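In what follows, a structure is listed as structure tokens, so that the remarks can point back to it.
Since we're looking at a predicted model, the values are computed, not measured. Just so it is clear: chains get the letters A, B, ... in the order the sequence lines come, proteins before strands, and each one is counted from 1.
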Amino acid sequence: MLRFKAAIFTLLLLLLFCLSAAAQTAEELSDTAALEEPVYEIPRLAQVTNFEAKDSPDDAGGEIELTWDLSVDDKKEDGLVSKYVVLRSQNPTSDFHIVGVANHRDSSYIDKNLKEGTDYYYKIVTFPKYQGEVRLTREEIDPLMEQYPELTELDIKDVSMLAEYDRDIMSVFDDNILGISRVAGPVKSRAQWFNSKDLDTLIIGLTICISVVIFIGMARGGRKLFLRRIGGLQAIENAIGRATEMGKSILFIPGIQDMDDVQTVAGITILGRIAKTIAEYDTKINMPVSRSIVMTTARETIKEAYLSAGRPDAYSDDMVHYITDEQFGYVAAVDGIMVREKPATCFYLGAFFAESLIMAETGNSIGAIQIAGTAMPAQLPFFVAACDYTLIGEELFAASAYLSGEPKQLGSLKGQDVGKFIAMVFIIIGAVFATLAALTGSEDILEITNMIKSWFSA
Amino acid sequence: MNFWKALLAIDRRWIFLFVFLALAVPMFLNVDFDLSISREVQGLYDALDKLQPNSKILMSFDYDPPSAPELQPMADAIMKYCLKKKLRIIIMGLWPQGPIQANMALNRAFLEEDINRDDYVYGVHYVNLGYQAGNEFVIQRMGSAFYEMFKRDYTGNRYEELPLMRGIKNFNDIDFSINFSAGYPGTVEWVQIAVDRFHVRLGAGNTAVQAPQVYPYYNSGQVVGLAGGMRGAAELEGVFARFDGGTVDYKDKGTKYMLSQTIAHAVVMFFIVVGNIAYFVIGRKDKLKASK
Amino acid sequence: MGSDLIGVWIAAFLTLGIMSFLYKDNPWYKFSEAIFVGLSAGYWFASLFWQSLHAKFWANWSPAVQSLFQGQFDYNLLYTGAGILGLMMLLRLIPPIGWISRWPLSVVVGGTAGLYLINYLVSNAVRQIGSTIQPVVTFPESIGWINSGGVIIGNVLVFAVLIVSLGFILFGRNTTIDLPTPTKLFFFLIALVACALGTFYSLSMPLNLTGLIIFMGVFCGLIYFFFSKEHTGFFGGAATVGTWFLMVTFGASFGYTVMSRMSLLIGRIDFLLVEWLKVVN
Amino acid sequence: MWRRTVPIMITFIVGTVLVVAEFIPHKPFGNLGEDFSLYFDIIAVFAFILGGGNLCRVHFSKVYRKKTDWQFSIVTLLGFFVMLAAGLFKIGNPEGIQGDVTAAGSLFADLYDSMFTPLQGTMYALLAFFVASASYRAFRAKNIDASILLIAAFVILLGRTPAPSLIADFFAGAGITFMATAFNFVPTLTDWIMDVPNLAGQRAILIGIALGVISMALRLILGVERTYLGSDSK
């Protein structure tokens, strides 16, 4: 019985093998049949509609913007359209060349690097996806590409599809084989004198700037302006006093960026104020820097401070010395200075990166009073954790105005507050409309919200 | 009481020592723990798993040695997997040191018994195009033609001499791309240009600092998979080992480093807790004293 | 192979030299520091020389000058200005006319001021305000990270923050709101009941209130930065709430970076143990 | 006048032009920002001669006067000149003086790899130690602010490790479901803190910074702030 079953099983297995072998042969046969059919039929796809070409607005010239509505075939899910090919010419009837491609489902293209003032004409070709195999070898394609450099805009697959139709490749574009749009043009590119997209920004910026200027003017005119005290700034004088009592030096670090960072500039202006106090107290200041221009500027600043404190003789260029531009090399040296000279007070005012904590922790270990200030949001937590006082962001920029005590400088801080007030007002109004829109689902309110948002979307 | 006071005023060098030990000792241990695999790492694996052999994969190495502890284990694991799966690999870098890191990953992969260097021909199975300056503009230009940005590869071969590159014009010819990123330029730029404009399928490996910026792109589907920080690296090694283990040893530095990092983390937290206990104990005693 | 080995030993020597600073300052560290400063200064100058002066200045300027001799004007001739400003900077070496170096300096400062004004206006001020314009209450499906359980607990958190903030604004140390205490208490109780109702409501039909917290944080944070009003009364209370938000921000960012900082050291320890000592494989 | 008024006028003109240029796409204003940073880079190279000169002067005088640690100044000078020569003359560059300054195989690249990279990496890595000691000291519940700092930091620290799920498993195993739920919630809480209060704080800081920068820039452009220009006379 068992033997009988085994025999049937074996027979069945053999049958299966035969069947599968037969099937495979049939497949191979059909493959050869496909090879014999030489010409690939390029599907003719619907052309794009509403094709328009116009000068790109708000640009520096040399650009033309093309827009169109998608080809009907591109809206289908079958993915027949692979891309849109852009053709350009300087006359409306002939001489069109490929200048670029846009992806399928894209309905715009910006043509760049054009001559200003020249008339251009454009056509858009709805380009099909090649379903066949790439038959051209690289050796065949390369000379083609050399003959028609514009073909490099297309993929290998595309070129071989075109070659399937005709070895004279560019004729495809004349023979109406593909879905080609009407000619758009003539159109010229021009440069604009005002970027209208920035109008919102301009208005907001002007409002803030004007309020700053007005308050500077008011303060200059003798109007008394109230400003609250900032803890970190009052600590500065005490810190200098402490260094004087202890007979130790003061270390000033203006960050590790160059003068092309406004935080460094802010640090230097604060230096100007505190150097005067230092000169009056007759304390030593040590300022290692990591940028040459900062060195030059800091020297000028300190010299001026000593001069106005009536102690020009006490000034020396050696107070400021260059170390290295390299971030961590500079930190290595500053750490060395700290543990060897043991300054009583350390100032870190400027732009800082990862080195902030290395310096602040070393400074802490030598028991120095540390006052930091930076507008690098990522480094603020470390200064807050390791220093005695930290000027947070905006306070860094306000510090020199505060310390100067000059009315016009203080006036600018008032102007700043107006900016904050405007920001808060718009945040409230915007939030109210946005919330109403979200809760009621009203299209009108949503439109108002989006309008307010668009003012702030530069 | 003296104990708590001493604890508060502990010499910070003790903390340094503990941190060092917490990081160094686990390196001697041969651990093998199974992490839970997050959705985003699974997504990365799934995307790679779906690729057919000989698919073309573009890897951009956008980091330098300081970030290597986090990103190199990811690169190693992915490189091993891709080579084993016989994917065609195209390497490039937007950071100058990137291509060097890529070669390190390649060499590491070739150490595996199952990945024999002789089976892979440079220029056919893998290519290192090298570094190109220009940040996001490089990606932009690659959108029209890779050739424009990489006239020569890392070792000086001309683009058209590389058989693998002959069939590749731009992103349309790439089946998948991965970006290892430590900052700018990195994943954000790849998403904004390669994904949004040229419809590339993108997976990413990021440092822990970078990852939060990329999560929104993962949630919106612009990035199909994401490994973040050392944990991401460990998970990646884990997921490869689970589904594709056996002949290739995926569990490597990511898993090992992960243990170091977790223990060091625990040390930091331990000190914070102890510091606060000490502070409260002493604070209470001081208050008692003051009231007397 | 031999030179590689020397390279690894040098690298290990310098690595340990820097690390020895953690124990205390010592000659080994001083040596490593000295070599680091010297090398890096040289490195930066050489790179700047080739990559800025040669590649950006000379390569553009000298052809422009040549074409000028052939009677053509080249836009790149404007680089002459940069060269002159650079040379002016060097006049500092001649003390009597050293003050001329202030001119390039004013170009630098003026340019920096102009550029930063615009950049910060656009990317920090305008854009951040724009993205804060959000509904303070939404239906939860519009927010990605949060899912039903998270919404409820999130809302409880929101109400807790609201109650604590309000309590502080009314009763806090810095606040001197001129209301009799019973009135304050009355307000507070009403708010408490409202929040309790809100919490209860959010259990049955979740509303996402995270927008409210963001709004409050930005608003109070900005109040904290106001210079022209003393931090007393309502203002003081709001400013204090603002500092709390800043503290959460600082704490969170600090905690967030600890992990990646550890990985930096892992890299160095890995170098010492694996590449140099080869005690770990 | 030449020393004080002209520089203030230059600052005013350059600053104003750069602000206005932002709104004009037309040549030559469109790229003015880029042009400025190019100009700056070139000025910075010239200025380096001052900085490098200062570095040499400081260390030469240290050696000459045999001040403390003068031996290390020799090391600095040696490092500086060797690296400078290697870079400027492209010593050992496989492609000669035409090659890229950082080309592999040159002395410059070798010094960079074997000395510069480990020094830089190690200095950076010291952060791991300092981050630990700083958090030990700073994260103490001294007052409300410090407590908030502590709680936020601690939750994030906890949420970034596999610890919460392990602890939750432990509690679940022990049958204390309440604690298990609480710890399972930590990662969500981590995300919430990062996405909500953290974001709000960041925004307030960023808006504040922007206004600070705008006002500071105006003070500089209008010549209200002129400390950086140094002394009036003499």
Side-chain angles (χ1 to χ4, degrees), chain A residues 200-201 204-205 208-209 225-228 230 259-262 265 293 296-297 300 323-326 328-330 332-333 335-336 339-340 377-378 380-382 384-385 392-395 398 413-414 416-417 419-420 423-424 426-428 430-431 434-435 437-439 449 452-453 455-458, chain C residues 18 21 24-25 29-30 32-33 36-41 43-45 48 89 92 101-102 105 108-109 111-113 115-118 120-122 125-127 129-139 142 211 215 218-219 222-223 225-231 246 249-251 253-254 257:
Chain A
D200 306 329
T201 316
I204 298 167
I208 298 174
C209 291
L225 301 170
F226 170 79
L227 286 174
R228 74 177 169 88
I230 295 181
M259 285 303 280
D260 64 340
D261 188 314
V262 78
V265 181
I293 302 184
T296 315
T297 323
E300 286 277 309
I323 291 183
T324 168
D325 275 46
E326 160 62 31
F328 290 108
Y330 176 68
D335 271 8
V339 293
R340 280 160 224 153
L380 279 168
F382 302 114
V384 169
I392 299 167
E394 190 175 7
E395 294 172 343
L413 299 182
K414 281 271 183 196
Q416 233 163 292
D417 278 357
K420 255 166 279 177
M424 285 157 77
F426 276 104
I427 288 174
I428 292 177
T435 309
L439 291 185
T449 316
I452 299 175
K453 265 193 120 143
W455 297 338
F456 295 95
S457 63
Chain C
I18 295 286
F21 178 73
K24 66 181 217 193
D25 191 30
Y29 175 73
K30 285 180 191 169
S32 310
E33 175 207 321
F36 194 6
V37 169
L39 270 186
S40 58
Y43 171 84
W44 273 82
F45 185 53
L48 282 177
M89 205 75 212
R92 188 134 281 273
S101 70
R102 281 180 206 166
L105 202 61
V108 168
V109 172
T112 306
L115 273 186
Y116 270 77
L117 199 162
I118 281 297
Y120 273 76
L121 175 70
V122 174
V126 170
R127 205 167 283 166
I129 295 171
S131 40
T132 311
I133 298 182
Q134 272 178 1
V136 292
V137 182
T138 50
F139 298 108
S142 59
F215 172 80
V218 177
F219 196 82
L222 284 176
I223 284 189
F225 285 116
F226 255 84
F227 298 118
S228 39
K229 231 169 141 39
E230 200 65 71
H231 283 173
L246 295 185
T249 305
F250 295 151
S253 332
F254 195 118
T257 35

| said: Are A:Ile452 and C:Ile133 packed together at the side-chain level, in the sense that at least one heavy-atom pair is separated by less than 4.5 angstrom? | reply: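 Yes, side chains in contact.
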| Does any non-hydrogen side-chain atom of A:Thr435 lie less than 4.5 Å from one of C:Phe215? |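 Side-chain contact under 4.5 Å: no.
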Identify which part of [X] has an atom lying under 4.5 Å from any heavy atom of chain A, answering side chain, backbone, both or neither.
X: C:Tyr116; answer: side chain
X: C:Ser32; answer: neither
X: C:Phe219; answer: both
X: C:Leu222; answer: both
X: C:Leu117; answer: side chain
X: C:Tyr29; answer: side chain
X: C:Lys24; answer: neither
X: C:Phe21; answer: side chain
X: C:Val37; answer: both

Tell me, side chain or backbone of [X] under 4.5 Å from chain C's heavy atoms, or both, or neither?
X: A:Ala378; answer: neither
X: A:Ile208; answer: side chain
X: A:Ile230; answer: side chain
X: A:Tyr330; answer: neither
X: A:Asp200; answer: neither

| said: For chain A, which candidate among C:Ser131, C:Pro135, C:Ser40 shows the most heavy-atom pairs at distances under 4.5 Å? | reply: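 Going by pairs under 4.5 Å, I would pick C:Pro135.
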| query | Taking C:Phe254, C:Phe226, C:Phe36 one by one, which has the highest count of heavy-atom pairs under 4.5 Å against chain A? | reply |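 Of C:Phe254, C:Phe226, C:Phe36, C:Phe226 has the most heavy-atom pairs under 4.5 Å with chain A.
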Quick check: closest heavy atoms across [X] and [Y], and the distance to 0.1 Å?
X: A:Trp455; Y: C:Val126; result: O-CG1, 4.1 Å
X: C:Ile129; Y: A:Ala423; result: CD1-CB, 3.5 Å
X: A:Asp417; Y: C:Phe225; result: OD1-O, 4.3 Å
X: C:Gly130; Y: A:Lys453; result: O-CE, 3.4 Å
X: C:Ser228; Y: A:Lys414; result: CB-NZ, 2.9 Å
X: C:Thr112; Y: A:Val262; result: CG2-N, 3.7 Å

| request: Could you walk me through whether A:Phe426 and C:Thr132 pass the side chain to side chain contact (heavy atoms under 4.5 Å, CB included) test, one step at a time? | output: CA-CA 10 Å; A:Phe426 276 104; C:Thr132 311; over 6 Å; no
| message | Using side chain to side chain contact (heavy atoms under 4.5 Å, CB included), reason through A:Met424 and C:Ile223 one step at a time and then give a plain yes or no. | response | CA-CA 9 Å; A:Met424 285 157 77; C:Ile223 284 189; 3.4 Å; yes
Nearest-0.5 Å distance, [atom1] of residue [X] to [atom2] of residue [Y]:
X: A:Arg340; Y: C:Asp25; atom1: CZ; atom2: CG; result: 4.0 Å
X: C:Met89; Y: A:Thr296; atom1: CE; atom2: OG1; result: 4.0 Å
X: C:Leu48; Y: A:Asp325; atom1: CG; atom2: CG; result: 6.5 Å

Among [options], who wins on heavy-atom pairs under 4.5 Å with chain C?
options: A:Val384, A:Leu413, A:Thr449; result: A:Val384
options: A:Ile204, A:Val339, A:Thr297, A:Asp260; result: A:Asp260
options: A:Leu227, A:Ile323, A:Ile293; result: A:Leu227

| task | Test side chain to side chain contact (heavy atoms under 4.5 Å, CB included) on C:Phe227 and A:Gln416 and set out the steps. | result | CA-CA 9 Å; C:Phe227 298 118; A:Gln416 233 163 292; 3.7 Å; yes
| Polar side-chain atom of A:Thr201 near backbone of C:Val122 as donor-acceptor pair, under 3.5 Å |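 It does not hold such a pair.
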